[in-house]
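Report on the following structure.
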Amino acid sequence: MKKSLIPAAVLALVAAPLLSVVPAHAGSDKVTICHATSAANGHWNQIEVAKDATAGGHANHLDAADIIPAYNWVDKGVRYYFDGQNTDKLDILAAGCMAPAEQVVAAPNKPVYVPASCARPEEPFGRVVIPKDLGAGVAGASSALSPDNAKFSVTYALAAPTEERVYSWPAGVTGNWEFTAVPITQDPLYVIDSKTGKGQCELSNTGAVMTALPYAVGATGVGTLIFAASKIRRRKEVK
């Protein structure tokens, strides 16, 4: 009976590693592993080590955070096997020891449209204010007014992906904003002469007419207004 059990025990000893362990670099005396340089931050270097080095731990420059696949090897007629280390991270080993980048949702700060006003004659169609702090995950921004002066468009750019982080826009956000431009002619303080169809901005606090505008009546219009005012004054004196 002992003779029948010995071959079975030997067969079980040899077969067990083959069934439970996936060989790495079969036929080679080395194995590829991810050697931790800063495991706390998920950094590894891909290196090759002797298969029997895994038995030596730190003495063979290995670390508890290293990612090592399961494998076996034969030395002088004896089969050895190693069941691996941190095998739940073998996807990192398969990716060349690069940890999957963290998917981070950007937090853009939205631009604001400021309508045109007689107080800002140099901006007859209003303007877009882009915040200095663009928000997390935003690398830059640009704005433009359409050729027909009808729309302001603003485009945000996501931060470039890195080994550690990849940014994406929140749901419903594309990084593009559009604002309808409101021309200065629609400002409540913009006055239009019903006879000539020309207009100008009038300051609410003083009633003074601003003529240095793209839509100003010019020197002739101002002269007409002064002449009309003097005529009204004369009529009052005659009465």
Side-chain angles (χ1 to χ4, degrees), residues 5-110 131-142 155-176:
L5 288 177
I6 292 174
V10 172
L11 179 63
L13 180 63
V14 174
L18 296 177
L19 294 174
S20 61
V21 178
V22 179
H25 288 242
S28 171
D29 60 350
K30 291 187 177 182
V31 60
T32 301
I33 72 170
C34 292
H35 180 51
T37 57
S38 178
N41 295 322
H43 292 159
W44 292 269
N45 285 336
Q46 181 175 291
I47 63 172
E48 281 192 340
V49 297
K51 288 184 175 180
D52 58 1
T54 56
H58 289 279
N60 287 284
H61 307 291
L62 298 180
D63 189 271
D66 290 349
I67 302 171
I68 307 173
Y71 61 90
N72 61 81
W73 75 99
V74 177
D75 182 27
K76 296 178 181 178
V78 179
R79 181 178 297 278
Y80 298 88
Y81 70 92
F82 181 72
D83 57 4
Q85 178 175 287
N86 297 314
T87 53
D88 58 323
K89 298 178 180 177
L90 289 179
D91 57 326
I92 296 175
L93 176 64
C97 296
M98 300 284 289
E102 181 186 1
Q103 299 295 316
V104 181
V105 176
N109 293 322
K110 186 178 178 180
K132 291 183 179 180
D133 179 8
L134 296 174
V138 183
S142 60
T155 302
Y156 278 18
L158 281 173
T162 66
E163 294 179 3
E164 297 178 354
R165 289 187 174 185
V166 175
Y167 287 97
S168 60
W169 295 119
V173 175
T174 62
N176 298 307

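These numbers come from the heavy atoms of this one structure, side chains and all, not from hydrogens, waters or symmetry mates.
The shortest non-hydrogen separation linking T174 to W169 is O-NE1, 3.1 Å. Contact detail for V173 and P108: the closest heavy-atom pair is CG1-CG, 4.3 Å. Nearest heavy-atom pair, A65 versus A36, reported as atom, atom and distance to 0.1 Å: CB-CB, 3.7 Å. Nearest heavy atom pair, residue I47 against residue H35, reads CD1-CB, 3.5 Å. For the residue pair Y156 and K110, the shortest heavy atom distance occurs at OH-C, 4.0 Å.
For P161, the side-chain contact (heavy atoms from CB on, under 4.5 Å) test picks out V166, with sequence neighbours left out. Take T155 and apply the side-chain contact (heavy atoms from CB on, under 4.5 Å) test, not counting sequence neighbours, and it matches S142, N176. In terms of the side-chain contact (heavy atoms from CB on, under 4.5 Å) criterion, residue partners of L90 (sequence neighbours excluded) are, by chain and number, I67, P69, T87, L93. Take D88 and apply the side-chain hydrogen bond (donor to acceptor under 3.5 Å, both in side chains) test, not counting sequence neighbours, and it matches no residue. For V104, the side-chain contact (heavy atoms from CB on, under 4.5 Å) test picks out E102, R165, Y167, with sequence neighbours left out.
Rounding to the nearest 0.5 angstrom, the gap separating the CG atom in L158 from the CG atom in L134 is 11.5 Å. How far OG1 of T37 is from NE2 of H43: 6.5 Å, rounded to the nearest 0.5 Å. Summarising the geometry, atom OG1 belonging to T32 is positioned 11.5 Å from atom CD1 belonging to I68; distances are rounded to the nearest 0.5 Å.
Aromatic ring pairs are classed by plane angle as parallel below 30°, tilted from 30° to 60° and perpendicular above 60°; the pair Y80 and W73 is parallel.
The backbone N or O of A64 lies less than 3.5 Å from a partner atom in the side chain of N86, making a donor-acceptor pair. Put simply, the side chain of Y71 gets close to the backbone of K51: a donor and an acceptor are under 3.5 Å apart.
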**Item:** CA sep, side-chain torsions, deciding dist, call: D63, D66, side chain to side chain contact (heavy atoms under 4.5 Å, CB included)
**Value:** CA-CA 5 Å; D63 189 271; D66 290 349; 3.6 Å; yes
